[in-house]
Amino acid sequence: MALLHRATLRPSKLDLLATWLPGRPWYRGPAGADVVSRGAYRFDDPAGAVGIETMLVGAADGPVHQVPLTYRAAPLDGAEEWLVGTTEHSVLGPRWVYDGCADPVYAAALADAILAGTGQAEQYFEVDGRRELREPTVTIVASHAGVLPADAREPVVDEDVTLIGTDSVELVVVRRPGAGAVAAAGAVLSGSWDGQPTTVPLAYARPR
């Protein structure tokens, strides 16, 4: 379960991504263009310390890009090159925003979603002491369950995907879902959203 705050971020997540995305090798779109959200889904951090959100974004007329993000209250050691930016959360204070592919908490959550079929976290707002469900904007489904991998190592960017290696499997994050991406053999996480009515591969796990 993800308990969300009705809060403001300065700068906003989309403002951070508008600056950060044009420098990624897998980004397809003009620099300086406004970035719009197509949807998002969240995973749970069992420790409750790290926010995990995957955003589907792009320029108004461009392809959809998948950007896993993690939100932390302090810098993540050794992940400087994966820092998207910092923002001020009106409730939680300063937040360090990372490309989740370099964050071991995201890697564990992604593996759990693909291989154990845990799915996405239900999202709630707390209003006047009551919890109100926030309807998801992305629907995800895993193909089948399997054995969870060991700790993740440094991710590698390979054109249109990002690879997260572990001792037992390789996790693959599709950066431009719906743009002809086809998952290889293995357990697959697929999704659909407004404007993409059929499910397409978002990520998958393949044996090493």
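Predicted model, so just to flag it, every value in this text is computed and none were measured.
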Report whether [X] and [Y] are members of the same hydrophobic cluster (ILVMFWY, side-chain heavy atoms less than 4.5 Å apart, transitive linking).
{"X": "Y98", "Y": "I164", "answer": "no"}
{"X": "L171", "Y": "V141", "answer": "no"}
{"X": "L14", "Y": "V97", "answer": "yes"}
{"X": "Y204", "Y": "L163", "answer": "yes"}

Check whether [X] reaches the backbone of [Y] with its side chain - one donor and one acceptor, N or O, closer than 3.5 Å.
{"X": "E53", "Y": "A40", "result": "no"}
{"X": "H65", "Y": "P63", "result": "yes"}
{"X": "S192", "Y": "T198", "result": "no"}
{"X": "D45", "Y": "A49", "result": "yes"}

Rounded distance (nearest 0.5 Å) linking atom [atom1] of [X] with atom [atom2] of [Y]:
{"X": "L17", "Y": "D34", "atom1": "CG", "atom2": "CG", "value": "12.5 Å"}
{"X": "L115", "Y": "D112", "atom1": "CG", "atom2": "CG", "value": "8.5 Å"}
{"X": "L69", "Y": "Y106", "atom1": "CG", "atom2": "OH", "value": "9.5 Å"}
{"X": "T199", "Y": "I140", "atom1": "OG1", "atom2": "CD1", "value": "12.0 Å"}
{"X": "Q66", "Y": "T54", "atom1": "CD", "atom2": "OG1", "value": "5.5 Å"}
{"X": "R28", "Y": "R176", "atom1": "CZ", "atom2": "CZ", "value": "4.5 Å"}

Closest non-hydrogen atom pair between [X] and [Y], with its separation:
{"X": "A60", "Y": "R38", "result": "O-NH2, 2.9 Å"}
{"X": "V173", "Y": "A203", "result": "CA-CB, 4.3 Å"}
{"X": "A73", "Y": "R95", "result": "CB-NH1, 3.4 Å"}
{"X": "Q120", "Y": "T139", "result": "NE2-CA, 3.9 Å"}
{"X": "A109", "Y": "I52", "result": "CB-CD1, 3.9 Å"}

Report yes if the side chains of [X] and [Y] come closer than 4.5 Å at any heavy-atom pair, otherwise no.
{"X": "S143", "Y": "S190", "value": "no"}
{"X": "K13", "Y": "Y71", "value": "yes"}
{"X": "Q196", "Y": "V64", "value": "no"}
{"X": "V105", "Y": "F43", "value": "no"}
{"X": "P177", "Y": "L56", "value": "yes"}
{"X": "L189", "Y": "Y41", "value": "yes"}
{"X": "W193", "Y": "V200", "value": "yes"}
{"X": "V57", "Y": "L21", "value": "yes"}

Margin query: Check this for me: does any side-chain nitrogen of one of D103 and R72 sit under 4.0 Å from a carboxylate oxygen of the other?
Written below: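 Answer for the salt bridge query: yes.
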Checklist line | Lys/Arg-Asp/Glu bridge criterion (N-O < 4.0 Å) met for E170, R206 | finding: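 Between R206 and E170 there is a salt bridge, with a charged N closer than 4.0 Å to a carboxylate O.
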Next item on the list: Kindly indicate, with the supporting measurements, whether the criterion side-chain contact (heavy atoms from CB on, under 4.5 Å) is fulfilled by W82 and L76.
Entry: CA-CA 10 Å; W82 299 86; L76 175 61; over 6 Å; no
Notebook entry, point to check: Checking side-chain contact (heavy atoms from CB on, under 4.5 Å) for the pair D194/T137: CA distance, chi angles, key distance, verdict?
Noted result: CA-CA 7 Å; D194 187 23; T137 54; over 6 Å; no
